[in-house]
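Below, chain A is the first sequence line, B the second, and so on; all start at residue 1.
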Amino acid sequence: MEILQHLSESLQRGEDETVFALTRQAIEGGIPPKEILDSGLIAGMNVIGERFRKHEIFLPDVLMAAKAMYAGLDQIRPILEREGIPGLGRVAIGTVHGDLHDIGKNLVGIMLRGTGFEVIDLGRDVPPARFVESVERERVQVIGMSALLTTTMPVMKQVIDLLREKRLSDSVRTIIGGAPVTEAFAREIGATAYAFDAASAIARVKSLLGIR
Amino acid sequence: MSQIIRIDAAEIIPDEEAVLRAQGLRRGEPVDGRIRSLLEDTMAILAKEARPVSIVEEVSIEVFETVFHGEGRNADETLLGEVYPRSHGLALFALTVGEAVSTRIGELFEEREFALGAMLDAVASEAADRAVGACERWFLNLLAGRSPASPDDRVLGYSPGYCGWDISGQKKLFQALRPERIGITLNESCLMHPLKSVSGVLVGGLREIHVVDPDYPFCRFCRTHSCRQRMKSLE
């Protein structure tokens with residue numbers, strides 16, 4: 001549909017006011033909200049994510065597109081909820097205990113929401129027990145942990161160990177990232193996945209949940 | 001005795017290249033108009049909101065050893081552990097770019113001005129690094145005024161939480177320095193508020209004492225290797 005193509009392209013250019021207007025127009029034109037979401041908004045964000053991974057665009061471009069995404073999503077979400085249409089999955093994210101640096105974690109949250117996930121943001125300086133609690137209480141499918149300090153990286157292992165201890169490690173995937181974190185470290189502590197940056201985090205979470 | 005130093009706002013103006021690199025742009029990459037405009041807007045916010053201030057206190061090696069030991073959680077071998085025993089002068093320091101900048105970053109994210117918020121975060125981080133540079137220069141001048149200076153004298157700042165110095169070292173550092181006097185507080189996890197604050201020790205000595213082989217066990221997990229840039233900056 002032409003309007004959804006237009007919506008996707010406007011989103012890619014970060015034109016939040018146009019995205020707002022086009023989403024409204026699409027809803028009023030009777031296009032099913034799930035289709036507006038998938039073929040307009042998420043389609044646009046997917047292009048942005050791909051271009052970011054290829055270094056064709058940069059973080060500010062992604063974030064301007066994310067703002068535009070929210071302009072559309074705010075109108076679609078209440079309708080989806082009313083109609084009981086589920087999101088792509090439920091993810092808890094947080095900066096681990098001992099670390100206050102949350103810019104990376106925030107970016108991942110923005111992009112996950114923009115891609116259609118339900119995100120439970122646990123904030124920063126999050127103790128291991130709170131991550132585990134999110135699995136028990138909020139039934140999250142993925143836990144995303146971030147650290148900027150080398151000295152707080154061991155907390156990520158504490159979370160994974162605690163999940164094992166509580167026999168929850170089969171029901172949740174873990175993904176870690178942050179400036180000092182590496183793939184080797186992720187393997188060493190038994191995390192399910194590692195993400196180099198926000199864009200790759202989205203791709204990894206999708207792949208962990210078998211979403212194409 | 002500690003000294004409170006108001007840092008001139010001109011001294012913390014970030015290097016635009018460094019900010020843009022933090023946003024993923026490569027050196028020399030053409031910057032499109034929208035990104036340039038975001039950068040200009042955040043520079044203006046920084047100029048308006050930043051209130052850079054530091055507190056510095058010169059300490060003996062013996063006093064610093066207690067601070068550095070902290071709660072005994074440092075790595076067995078640390079970069080700073082090799083450096084400070086060979087220093088000519090040591091000073092504890094803490095500085096902040098100010099509460100207002102950190103608050104504004106949070107507000108921008110709340111307002112969904114993500115790009116502006118992320119750019120301001122990068123600008124403020126770079127400004128905090130520049131403020132450390134201002135403190136380093138201040139201490140270098142202090143040391144130079146006291147004894148015959150060598151052209152090879154350098155001062156570098158080292159912070160808890162990095163290169164094997166455990167973050168718990170902040171507690172002892174705060175007890176000794178009391179940066180609450182300039183509005184910096186520590187939470188139970190040893191993290192500072194406002195967020196755009198830096199603390200640590202200024203180490204003065206010959207250039208060569210700061211040049212070490214970054215091959216510690218914890219280096220295996222480090223992706224930034226910023227120590228190499230710091231050593232390079234001494235040349």
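Using a 4.5 Å cut-off between heavy atoms, B:Leu195 contacts chain A through its side chain alone, with no backbone atom that close. B:Asp121 touches chain A through its side chain: at least one heavy atom from C-beta onward sits under 4.5 Å away, while N, CA, C and O do not.
In this structure, A:Phe58 CZ and B:Gln23 CD are separated by 11.0 Å, a value rounded to the nearest 0.5 Å. Distance check: B:Leu25 CG to A:Ile57 CD1 gives 11.0 Å after rounding to the nearest 0.5 Å.
Note: B:Gly161 leads B:Gly24, B:Cys163, B:Gly161 in heavy-atom pairs under 4.5 Å with chain A. By number of non-hydrogen pairs under 4.5 angstrom with chain A, the leading residue of B:Ala75, B:Ala115, B:Ser168, B:Ala22 is B:Ala115. Between chain B and the options A:Thr152, A:Leu107, A:Asp16, A:Leu59, the largest number of non-hydrogen pairs under 4.5 Å is found for A:Leu59.
Among all heavy-atom pairs drawn from B:Phe114 and A:Leu63, the shortest one is O-CD1, 3.6 Å. The shortest non-hydrogen separation linking B:Arg34 to A:Arg13 is NH1-O, 2.5 Å.
By the neighbour-count criterion of 12 heavy atoms within 6.0 Å, atom CD of A:Glu83 is densely surrounded, having more than that number from other residues, nucleotides or ligands. Within 6.0 Å of atom CD in B:Glu107, more than 12 heavy atoms from other residues, nucleotides or ligands are found, so the atom counts as buried in its surroundings. Residue-environment remark: CD (A:Glu17) stays at or below the threshold of 12 foreign heavy atoms within 6.0 Å.
With a 4.5 Å cut-off on side-chain heavy atoms, B:Leu38 and A:Met64 count as touching.
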